[in-house]
Amino acid sequence: MPEKPYDHIQIELKWHERWQDADFYKAEENSARPKFYVLEMLPYPSGMLHIGHIRNYSIGDALARYKWMQGFNVLHPMGWDAFGLPAENAAIKNNRPPREWTLENIAAMKKTHRRFAFSYDWDREVSTCEPEYYRWNQWFFLKMLERGLAYRKRALVNWCTKCATVLANEQVVDGCCWRHEDTPVEQRALEQWFLKITHYADELLDDMTGLEGGWPERVLTMQRNWIGRSEGAEVDFHLDGTGEPIRVFTTRVDTIYGATCVILAPEHPLTDGLLDGDLKAKAKAMVDSRAGRDPGDIDKEGLFTGHYAINPYSGEKVPIWIANFVLMGYGTGAIMAVPAHDERDFEFCRKYGIAVRPVVRPVDGELAVEPGMTAPYCEYGIVENSGQWSGLASADARRQMSAFADQQDFGKTAITYRLKDWGISRQRYWGTPIPVIHCPDCGVVPVPEAQLPVILPDRIEITGTGRSPLENVPEFVNVACPVCGKAARRETDTMDTFMDSSWYFYRYCDAHNSTMPFDPAKIAYWFEIDQYIGGVEHAILHLIYSRFFTKMMRDIGLIKNSEPARRLFTQGMVIANGAKMSKSKGNVVGADQLADKFGADTARMFVMSNVPPEKEVDWSDKGAEGTYRFLGRVYRFTTRNIPAEPRSGTSDRKVLRKLHQTLRKITEDFETRWHFNTCIASIMELVNQLYAEEQEISAEAMRQVLQTLALMLAPFAPYVVQDMWEELGNEGPVFRQRWPAFDPELAKEDEAEVVIQVNGKLRGRMTAAFGTAKEELEARALTDEKVKPFIEGKQVVKIITVPDKLVNVVVK
RNA sequence: GCGAGGAUGGCGAAAUUGGCAGACGCAGUAGCCUUAGGAGCUACCGGCCGAAAGGUCGUGGGGGUUCAAGUCCCCCUCCUCGCACCA
């Protein structure tokens with residue numbers, strides 16, 4: 001029995017030490033046992049392990065332990081990957097390499113991880129910041145290059161002037177840099193490497209139907225929006241005079257007879273030739289004024305170019321405008337405006353007095369008369385005033401008219417995506433070097449596979465100028481061209497670290513393979529991941545990239561599966577002071593703070609104990625003591641009842657019933673909904689009852705209770721339980737034990753408690769044997785002493801009886 | 001604007017299929033134990049009326065369905081998240 005309040009931290013630490021040589025957790029690939037691969041999207045070594053991470057852990061870890069005790073062959077690698085962005089930025093600020101990557105810091109990180117995760121499998125350690133991992137990142141890059149899935153082009157990139165660096169799309173928040181919320185992101189043109197994720201756009205979209213049920217609907221919706229497929233047509237209008245084509249994208253060719261102008265994005269390449277100096281400056285101003293603003297707040301503005309375009313269907317001449325609401329990055333950067341049937345076009349054309357001409361009528365209505373319109377007219381119906389297509393339904397007209405454009409060679413059916421190819425070039429020190437060499441004669445030359453990995457030089461100076469710091473390291477940059485042998489330059493950009501995280505969970509299955517990224521046979525056994533767990537913040541980026549990688553690896557013949565994870569669980573975020581807990585926000589609460597005070601068991605159990613895992617929590621450590629107290633109560637109860645004293649046993653039945661009811665609840669929860677907060681609550685109820693009945697529990701029942709209690713608590717509080725397990729006289733890890741089966745007979749109540757209501761209000765209760773006849777229950781209810789006063793003098797209208805549960809007497 | 005989720009005691013919350021609202025924990029109150037208590041144990045703990053027994057009201061607001069509604073339907077308010085001129 002602990003003497004001091006926080007004594008059992010010592011127990012946990014003892015176990016913490018023993019864990020160092022734990023060897024019992026070894027997955028057995030290709031064994032006959034059913035496999036279960038559970039993985040958390042995990043804390044990366046760039047920041048300290050905080051409460052949000054522990055929450056992620058505790059859920060996955062409890063599940064892994066449960067599955068293991070259920071007899072599954074479990075892989076739960078407890079990964080840590082190399083999202084390094086916060087660290088990089090800290091490093092840039094401090095003008096030194098990120099301290100998080102030093103060996104000591106990595107070692108410290110491992111220690112913390114070990115403290116919380118029993119299953120950190122050292123044989124499977126995958127560190128994405130090590131040369132061996134670079135090798136395979138680079139190997140994949142070269143494979144993609146061979147297949148045309150990686151390419152280089154000049155492109156506009158997001159640029160923060162204050163950070164002096166390129167920003168990934170995900171680091172742009174409302175048009176501004178995520179670290180400088182008042183600094184609009186600029187667009188700069190740079191030579192960049194891209195991965196052709198759009199090659200898989202349709203498959204990424206279509207395969208989501210197979211994920212339904214296993215993945216949260218919310219995540220699937222976000223991915224669908226992100227991919228943003230839309231079917232339509234591209235059609236050429238022709239510049240009046242020169243006949244130069246202006247290609248527009250539309251999903252509604254069928255309304256083209258209602259097009260009353262053509263609008264170009266202000267950045268559209270054609271604007272150069274169309275505009276004179278004055279207008280050009282205005283167009284430029286339009287581009288600039290859009291930067292950094294919430295699109296919803298921007299009023300539509302446009303200017304007339306003074307030029308006209310010819311509608312290829314009607315031959316009509318319509319004005320060409322430039323407007324701020326037309327986006328260069330989507331479709332062709334040019335649209336036809338059909339104000340009568342599109343809200344945005346309507347708003348714009350009204351503002352500038354451009355004609356509104358309806359060409360679609362409702363199936364059973366008339367074509368709208370123009371002057372009275374205050375909002376765009378009906379969207380779908382019958383096409384009118386549209387030449388030979390008049391009278392067709394919208395959908396038919398659309399099909400036939402885009403086919404016509406194809407025949408006449410002035411357009412085609414087209415599918416547009418919001419999804420863009422993935423720009424992976426980063427002008428940063430930390431990241432996998434992109435394995436290519438620039439030769440003045442041979443051009444871009446891939447680094448030969450035998451020369452991989454290209455590794456980062458040790459000593460660099462963080463410049464903070466926005467050019468890769470690697471450019472200043474001559475021994476890195478200057479190489480001989482692998483083809484012709486002449487002096488050449490090595491590529492100095494590094495890869496986006498999302499590259500690392502896109503396939504780390506494959507490497508876990510075969511972490512030390514030095515001839516391949518992994519052995520396909522091992523992947524075939526472990527994949528798909530049975531349960532992936534992580535925060536919803538990864539819904540778009542990581543979870544699309546890793547799906548893309550999976551399909552790419554399948555196509556190069558490495559794996560058979562097309563999706564990485566069968567089921568995805570998104571746990572709620574941990575909020576602190578109104579913001580998501582994250583290092584960049586500076587509001588992290590360290591996991592160690594809690595663990596140092598109460599121990600790792602309390603810390604992990606507490607984060608699960610108040611709220612179901614999918615729900616967001618506003619962090620507070622109020623109440624952690626309750627969890628701590630509870631574990632102390634369990635521990636004391638267990639130890640003081642070894643050996644069990646001879647006692648009456650009059651409470652045996654009651655206690656065993658509660659025990660099995662609790663066990664049933666936990667088992668069901670693990671299998672279905674993971675509401676561990678209520679699981680923990682029910683174990684607390686059990687323990688409260690054990691305290692109340694302690695003196696009346698026989699030695700045999702006590703023994704059984706203590707063993708089972710330990711087993712069912714094991715997934716939640718592994719260290720204390722292991723200790724109790726040994727004090728109970730058992731040997732070896734508690735996880736070698738089978739999860740106890742609940743006994744439905746023992747869990748059953750002797751008698752049903754039947755509630756008596758009068759007009760739906762609770763007025764009394766009675767106990768009755770299960771299956772007691774309706775008539776008997778009703779008779780007893782009507783004569784019940786407590787119920788009588790509410791019935792007397794009134795007329796009983798009817799009686800509703802739910803067997804074993806309730807009698808409701810309706811009176812008037 | 002569109003989409004999703006949410007609103008229950010002083011607080012975090014539970015109520016899984018329409019059937020006892022508030023499990024469990026925190027905070028609080030009282031008592032026991034103790035040289036001591038920042039430990040432990042026991043009891044109480046939604047509002048109002050009442051000494052108590054008990055009654056009555058009560059799940060964001062309004063209406064409805066039902067013998068019975070936190071739960072189902074309609075309307076409204078507020079909060080959180082995601083998307084947002086995507087043609």
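The chains referred to below are lettered A, B, ... by the order of the sequence lines, with proteins before strands, and numbering in each begins at 1.
Using a 4.0 Å heavy-atom distance criterion, Gln757(A) is classed as a base contact. Within the nucleic acid shown, Phe606(A) has no heavy atom closer than 4.0 Å to any nucleic acid atom. Among the protein residues, Val338(A) comes within range of no part of the nucleic acid, since none of its heavy atoms lies under 4.0 Å from any strand. Residue Lys665(A) is classed as a base contact, given a heavy-atom separation below 4.0 Å to a base. Nucleic acid contact class of Asn688(A) (heavy atoms, under 4.0 Å, all strands): sugar-phosphate only.
Along RNA chain B, the nucleotide closest to Val536(A) and the one closest to Thr332(A) are compared, and the more 5′ of them pairs with Val536(A). With RNA chain B read from its 5' end, the first of the two nearest nucleotides for Met328(A) and His675(A) is the one closest to His675(A).
Checking side-chain atoms of Asp804(A) against main-chain N and O of Phe770(A) turns up no donor-acceptor pair under 3.5 Å. Side chain of Thr662(A) to backbone of Lys658(A): a donor-acceptor contact under 3.5 angstrom is found. Remark: side-chain polar atoms of Asp421(A) are paired, donor with acceptor, to backbone N or O of Ile197(A) under 3.5 angstrom. A distance-only check finds no donor-acceptor pair linking the side chain of Tyr545(A) to the backbone of Trp422(A) [under 3.5 Å].
Side-chain proximity of Asn324(A) to the nucleotides A15(B), C85(B), A87(B) is greatest for C85(B). For Arg418(A), counting side-chain heavy atoms from C-beta on, the closest listed nucleotide (C41(B), C83(B), A27(B)) is C83(B). Nearest nucleotide to the side chain of Arg633(A), out of C41(B), G12(B), A23(B): C41(B). Residue Tyr691(A) places its side chain closer to C41(B) than to any other of A13(B), C67(B), C41(B). Among the nucleotides U16(B), A27(B), C24(B), the one closest to any side-chain atom of Arg673(A) is U16(B). With distances taken from any side-chain atom of Arg765(A) to the nucleotides C20(B), G40(B), G25(B), the minimum falls on C20(B). Proximity note for Asn808(A) (side chain, C-beta onward) versus A13(B), C67(B), C20(B): the nearest is C67(B). Residue Ser230(A) has its side chain nearest to A87(B) when only G25(B), A15(B), A87(B) are considered. With A87(B), A39(B), A23(B) as the choices, the nucleotide that has an atom nearest any side-chain atom of Ala681(A) turns out to be A23(B). The side chain of Tyr330(A) sits closest to A87(B) out of A87(B), C20(B), A39(B).
Distance check on atom P: U8(B) versus G62(B) gives 16 Å, rounded to whole Å. Here, U66(B) and A13(B) have their P atoms 35 Å apart, quoted to the whole Å. Nucleotides G28(B) and G82(B) place their C1' atoms 40 Å apart, quoted to the nearest Å. Here, C33(B) and C49(B) have their C1' atoms 38 Å apart, quoted to the whole Å. C24(B) and U35(B) have their C1' atoms separated by 36 Å, given to the nearest Å. Distance noted for atom P between C57(B) and A43(B): 31 Å (whole Å). When the P atom is used for both A14(B) and A87(B), the distance is 40 Å, rounded to whole Å.
Where RNA chain B pairs in unbroken runs of 3 or more (Watson-Crick or G-U, both distances under 3.5 Å), the stems are B:1-7 with B:77-83, B:10-12 with B:24-26, B:28-32 with B:40-44, B:46-49 with B:54-57, B:60-64 with B:72-76.
Contact annotation: side chain of Lys615(A) to base of U80(B), donor-acceptor pair absent below 3.5 Å. Put simply, the side chain of Lys300(A) and the base of C85(B) share a donor and an acceptor less than 3.5 Å apart.
Ion pairing of Arg357(A) with Glu316(A) is present here, as a side-chain N (NZ or NE/NH1/NH2) and a carboxylate O approach within less than 4.0 Å. The pair Asp750(A)-Arg657(A) meets the salt-bridge criterion, since a charged nitrogen lies less than 4.0 angstrom from a carboxylate oxygen. Using a cutoff of 4.0 Å between basic side-chain nitrogens and carboxylate oxygens, Lys665(A) and Glu668(A) are not scored as salt-bridged.
Under 4.0 angstrom from either OP1 or OP2 of C20(B) there lies no side-chain N or O belonging to Arg763(A). OP1 or OP2 of C41(B) lies within a sub-4.0 Å distance of a side-chain N or O belonging to Arg636(A). Distances shorter than 4.0 Å separate some side-chain N or O of Asn677(A) from OP1 or OP2 on A14(B). The shortest distance between the side-chain N/O atoms of Lys805(A) and the OP1/OP2 oxygens of G19(B) is not below 4.0 Å.
In this structure, the CD atom of Glu694(A) is 16 Å from the P atom of G40(B), given to the nearest Å.
Dense packing is recorded around CZ of Arg547(A), with more than 12 heavy atoms of other residues, nucleotides or ligands lying under 6.0 Å away.
Within residues 215-222 of chain A, the residues that place at least one heavy atom under 4.0 Å from RNA chain B are, in residue-number order, Arg218(A), Met222(A).
For G6(B), the base is anti relative to its sugar; the glycosidic angle deviates from 0 by more than 90°.
In the model, Arg418(A) has no side-chain atom that pairs as donor or acceptor with a side-chain atom of Asn225(A) under 3.5 Å. Neither side chain, Tyr257(A) nor Asn311(A), offers a donor N or O lying under 3.5 Å from an acceptor on the other.
For the pair Ile320(A)/Phe237(A), no side-chain contact is recorded, criterion being any heavy-atom separation below 4.5 Å from C-beta on.
Of the residues Asn56(A), Val617(A), Asp618(A), Val611(A), the one that meets the side-chain contact (heavy atoms from CB on, under 4.5 Å) test with Val574(A) is Val617(A).
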